[in-house]
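Below you'll find the structure, written out as structure tokens, and then a few comments.
Please read all numbers here as calculations on a predicted model, not as lab measurements. Computation of the quantities below employed the complete heavy-atom set of this structure, encompassing side-chain atoms and omitting hydrogens, waters and symmetry-equivalent molecules.
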Amino acid sequence: KITARFFDTDTAKHGLFYPQFSSPIENPKTLKKDPVDELWITPIDYDQVIQDYLINEIKISKRIELVSVKNLLSSFSHND
């Protein structure tokens with residue numbers, strides 16, 4: 001069974017829950033001690049800022065696969 005985990009830099013959200021999910025929202029810094037295999041970045045407007053923060057500031061493991069929803073969506077667009 002796969003359990004979704006949620007991360008946010010907003011400390012006011014830490015420990016809260018999204019409806020229908022049993023995992024609390026975590027500080028992204030927990031990824032250092034308790035990494036995930038795959039991390040989905042869903043905010044399209046802040047995609048690069050989030051990736052830069054995770055890679056350069058937190059220095060998450062290179063084993064964590066970053067999946068960008070922005071990149072996924074752009075891969076579906078057609079350049080006519």
Side-chain angles (χ1 to χ4, degrees):
K1 179 182 174 185
I2 297 174
T3 302
R5 290 171 62 194
F6 299 93
F7 302 93
D8 201 305
T9 57
D10 184 348
T11 57
K13 294 180 182 177
H14 296 167
L16 300 178
F17 296 84
Y18 286 114
Q20 305 299 316
F21 292 98
S22 61
S23 297
I25 299 168
E26 302 175 50
N27 184 326
K29 292 178 181 177
T30 62
L31 288 165
K32 290 288 286 178
K33 292 185 288 180
D34 190 11
V36 294
D37 295 325
E38 197 173 87
L39 183 65
W40 284 63
I41 300 173
T42 58
I44 294 169
D45 293 333
Y46 297 99
D47 178 84
Q48 193 60 54
V49 172
I50 293 169
Q51 287 192 51
D52 290 345
Y53 174 73
L54 293 168
I55 294 167
N56 300 320
E57 291 190 43
I58 294 181
K59 299 186 185 324
I60 61 169
S61 170
K62 292 181 189 322
R63 293 183 188 156
I64 296 175
E65 180 182 357
L66 296 179
V67 179
S68 165
V69 169
K70 179 179 182 175
N71 290 344
L72 286 172
L73 291 174
S74 67
S75 72
F76 295 127
S77 67
H78 299 283
N79 296 327
D80 295 323

key: Partner residues of Y53 under the side-chain contact (heavy atoms from CB on, under 4.5 Å) criterion, sequence neighbours left out   =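 With neighbours one apart ignored, the set is T9, P28, K29, E57, I58.
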ask   = To the nearest 0.5 Å, what is the distance between CD (E26) and CG (D34)?
value = 6.5 Å
request  = Measure the spacing between OG of S74 and CD1 of I44 and express it to the nearest 0.5 Å.
outcome  =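 It is 9.5 Å, given to the nearest 0.5 Å.
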inquiry  = Show, in sequence, the C-alpha distance, side-chain angles and deciding distance for L66 and I60, and conclude whether the side-chain contact (heavy atoms from CB on, under 4.5 Å) test is met.
reply    = CA-CA 10 Å; L66 296 179; I60 61 169; 3.9 Å; yes
Shared hydrophobic cluster for [X] and [Y] (ILVMFWY, side-chain gaps under 4.5 Å):
X   : Y   : value
I25 : L31 : no
L72 : I41 : no
F6  : Y46 : no
I55 : I50 : yes

Nearest heavy atoms of [X] and [Y], plus distance in Å:
X   : Y   : answer
K70 : D47 : CD-CB, 3.9 Å
F17 : P24 : CE2-N, 3.4 Å
A4  : S23 : O-OG, 2.9 Å

request  = For residues S68 and Q51, determine if any side-chain heavy atom of one lies less than 4.5 Å from a side-chain heavy atom of the other.
outcome  = yes
Neighbour count above 12 (heavy atom, 6.0 Å) for D37 CG =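 Check fails, neighbour count at 12 or below.
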message = Quick one, F7 with V36, criterion side-chain contact (heavy atoms from CB on, under 4.5 Å). Give me CA distance, side-chain angles, the key distance, then yes/no.
response = CA-CA 11 Å; F7 302 93; V36 294; 4.3 Å; yes
